Each structure stands twice: as structure tokens, then as C-alpha cells.
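Below: one structure, written as C-alpha cells.
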Amino acid sequence: MKFNVQSKALYSMASAVSKVINSKNPMPILNNFLLELRGNVLQITASDIENTLTGRVAVLEAEGEGKVCVDAPRLTNLLKSMPDIGITFEIDEDTLAIKVSYNEDKGQFDFVGVAGEEYPTPQVETEEGATEFQVPSNQILNGIDSTLFAVGTDTLRPMMMGILWDIKPEEFIFVATDTRKLVRYSNSMTAPGVTKSCIIPTKPAQVIKNILPRDVEVSVSIDDKRALLVTEDLVFSCQLLKGQFPPYDRVIPQDNPYQVTIDRTQFLSALRRVSVFGDQGQNLVKLRFTPNEVTIKAVDNNYCTRAVESVPCSFNHDAMVIGFSSAYVMEIFSIMSTEEVNLTLSDPSRPGVFSPGEQGENSNLLMLLMPMNVTEF
């Protein structure tokens, strides 16, 4: 088996596919890529059994067909340091000796692979009767970018350790929560035309975020156990989380009468400064809203530190004091990209609802944050 391929094209695909490989694997064979040559296309596959990713790269001067396992770190490290040039792979099918050469054999690297038949073949295709639809990759990526930070980490609530894909005929809804914060992002850029719900675990969501290119069409197939995403160059299959996601619409307040409008950059900068002087264990920051400004306060009695800073805002009420986790508020303001952020409130014991000053085209982003107890400012 022999073929020629551009080093940077192969490195780009190998680097993307390697995102699936765990740092520690129960099976040594999973530390390898499975390389399969089919005609003028080289397929690179990586798997951790639950998730499988395959990338395709065009090759030249292909001779023969077959498959072989190659140590993933060795191959990616080699390709990373190579110039952008055509390289030749020669694989002896009997001994599995692999020779990589370029520039008329002035550069030559020899190592040994593992028989391709030894690579596990986890289930990739979804079952018959799966829900299928097509959406732009941007629709999926924007949803993951907006919600991934809010995914729970409590193993006692495994259904929260992922992002809910609540697919409706007219819109695609992404939801994540860890019980302290909840994020709902809906997008109607393209109407899926189907109804289906599933929970994508954290690792597959991160892989999709890292490997899926923007501005491409994605074919999605979802059954009760797996989700399959297919583009022109990638095929990604992941196992879904079992369990029922909490009914998120029930916890989102519909009647918060008080609204705050804040300059995002100015408030975020002030909050970062003030939070340095707060209790690093609780991360409590107190906010006092008045019609024209918000005062941010943090105190750490253990170290006798205190910080207070005020920034302008617009508030349609006389005054209110509420406490939040500074780390969570900074996450929320960092995810949003608009100049202003809206916050709606009802009282200091009820959740605050954050949203961008201007919603994106065909999209709606809402972030809910539970308050912390505040006895005095």
C-alpha cells in the first residue's frame, strides 16, 4: 500500500481526529489512528469506544488498498514539524513496516504499525428509524459555544452533564444547567422540520466545537442511543446521555418586573477588579442597583479586604440589593458579545435573568442565575 499526501492537510485532519483520543485508554490500541486507503481517499479514524471520529483526506499516486494502525502521538508530532510538502507513505502489508519519506528520500522515517483488523469497530451508524435532518454548522456551533460553560459536573445528576438538544420543527434549542445557572439558546436560522430531544455529553460537545468547520452543511441523525454528524470531510458518532433532562421552561421566570441595562465591558472590568478582594471560597459579590448606577461590593473578613466600585446603569426601580457568585456573573458577561446586557429581577431571593442587549439574527439567548443570600450591603 502506497500513497502521497500533503503534509499540512494530513496534519490538520489528524490533529482534529485526535481530539477523540483519551489521555489514558483501557485498550492500548485506542492510542492509535486507523488509516484506511480506499481509492484516492485516506480515512483517519480515532475512537474511545463511546465516540468515533473519521476524517477524509485526498491522496495522490495511490497504489493498493488496505488499513493499518499508526501510533497517534508519533504521527501528529512528525507531521507538526514537517514543511508543507508532499510526503509518501509506503506500508508493507506483510510486516506492517511503515516508511514515510519526502524530497526524494532525503527525509525518511521508519516505524512499525499494527494490523488494522485489531482496531475495535464500535457502532457508528444510528439505528433504523432515527430522526434525520440537515442544518448549517454555524447553528450547532453557536448553540454549543453559548451553553457549554453551564454544563453540570455532579455525577449524581448525570443527565445534567451534557447539553440538551431540544429540536423542534421551527427551531433548534440548546440548554445546559448545573442547578446554579441555566442557559437556553434557540436558533431558527434553518428550521429542522423534525421533533427530537437528546442530551449530548460534555466531551462530544467539546469535540464538535473543536473539529466542526463553520459555514458547512451538516447531516444529523439521532436515535435513542447515538447521534451521528456527517459533513463532506468528517463523520462523528457519539453516545448520548441517558435520563430525562429537567423541564427547563418551568424554572425560567416569566414575570420579572424590574429591568437593568448595563454596559457589558465596563461592568465586567469593574467586577474583575472587585472580585479580587472578595472571599475566594464563596465568590460572593453584592450588587446594589439604583436608577442610575450599580455599586459592586466584595468583602473577605478573613483577610480584612474590601472593595467597592460603581458603574452607570439604567434601572426601572428605586433600589435593590442582590448577591451573586462573581465567577458565574463573569462567565455570563464573557459569553455575551453585545455592548449592553439586560438583567431582569423580581426580588433578591429569585433568579436573575440575563440576556444580550440585542439578540442575534434568528436567535435568542437567555441565561438564568440563582442568587446568593445577602443580609446587608
Side-chain angles (χ1 to χ4, degrees), residues 16 19 51 53 131-152 160-178 181-222 227-236 238 240-241 245 248-249 252 264-265 268 328-343 353-369:
K19 299 290 192 296
N51 310 290
L53 177 59
T131 301
E132 299 180 353
F133 58 97
Q134 289 190 329
V135 294
S137 59
N138 290 0
Q139 197 165 1
I140 296 175
L141 292 172
N142 291 343
I144 293 177
D145 286 341
S146 300
T147 56
L148 187 58
F149 79 97
V151 170
M160 295 185 186
M161 298 177 67
I163 300 174
L164 172 69
W165 287 16
D166 195 7
I167 304 149
K168 301 183 183 299
E170 70 284 353
E171 63 181 346
F172 202 149
I173 301 175
F174 301 79
V175 184
T177 182
D178 61 1
K181 56 185 179 290
L182 180 146
V183 181
R184 185 192 69 189
Y185 174 84
S186 61
N187 190 297
S188 57
M189 179 189 303
T190 298
V194 297
T195 301
K196 183 71 176 179
S197 291
C198 67
I199 307 174
I200 304 292
T202 302
K203 179 182 176 179
Q206 291 173 330
V207 170
I208 293 170
K209 176 181 177 179
N210 290 330
I211 61 100
L212 195 63
R214 287 194 172 269
D215 301 316
V216 299
E217 196 73 12
V218 183
S219 297
V220 183
S221 177
I222 302 172
L228 180 68
L229 282 70
V230 181
T231 69
E232 184 178 356
D233 297 322
L234 296 168
V235 177
F236 180 58
C238 68
L240 303 175
L241 281 179
F245 200 84
Y248 60 91
D249 279 334
I252 299 174
R264 186 186 71 87
T265 303
L268 182 57
Y328 291 162
V329 176
M330 285 189 286
E331 280 183 325
I332 289 173
F333 272 68
S334 297
I335 289 293
M336 295 186 186
S337 58
T338 54
E339 292 184 4
E340 294 182 334
V341 172
N342 294 328
L343 166 62
V353 179
F354 298 79
S355 60
E358 293 183 4
Q359 296 287 0
E361 185 178 0
N362 301 318
S363 66
N364 184 278
L365 176 61
L366 176 151
M367 302 186 183
L368 178 149
L369 182 60

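From a predicted model like this one, the values you see are computed outputs, not experimental measurements.
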Closest heavy-atom contact between [X] and [Y]?
{"X": "K196", "Y": "T131", "answer": "CD-OG1, 3.6 Å"}
{"X": "M161", "Y": "V151", "answer": "C-CG1, 3.5 Å"}
{"X": "R264", "Y": "M336", "answer": "NH1-O, 3.2 Å"}
{"X": "F149", "Y": "M367", "answer": "CZ-SD, 3.9 Å"}
{"X": "A176", "Y": "T147", "answer": "CB-O, 3.3 Å"}
{"X": "M189", "Y": "N138", "answer": "CE-CB, 4.2 Å"}

- Lys/Arg-Asp/Glu bridge criterion (N-O < 4.0 Å) met for D249, R184: yes
Can you measure from [atom1] ([X]) to [atom2] ([Y]) and round to the nearest 0.5 angstrom?
{"X": "N187", "Y": "I140", "atom1": "CG", "atom2": "CD1", "value": "10.5 Å"}
{"X": "L53", "Y": "I211", "atom1": "CG", "atom2": "CD1", "value": "5.0 Å"}
{"X": "L228", "Y": "C238", "atom1": "CG", "atom2": "SG", "value": "8.5 Å"}
{"X": "I163", "Y": "T177", "atom1": "CD1", "atom2": "OG1", "value": "12.0 Å"}

- Task: Might you confirm whether atom CD of E358 has over 12 heavy atoms from other residues, nucleotides or ligands at distances under 6.0 Å?
- Result: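 Open: at most 12 neighbouring heavy atoms sit under 6.0 Å from CD of E358.
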- Message: If you count heavy atoms of other groups shown closer than 6.0 angstrom to CD of E339, is the number above 12?
- Response: no
- Plane angle bin for F174 and Y185 - parallel if under 30°, tilted between 30 and 60°, otherwise perpendicular: tilted
- Query: Between D178 and K181, is there a donor-acceptor pair closer than 3.5 Å when you use the side chain of the first and the backbone of the second?
  - Reply: yes
- Message: Please check this pair: side chain of S137 against backbone of D215, looking for a donor-acceptor N/O pair closer than 3.5 Å.
- Response: yes
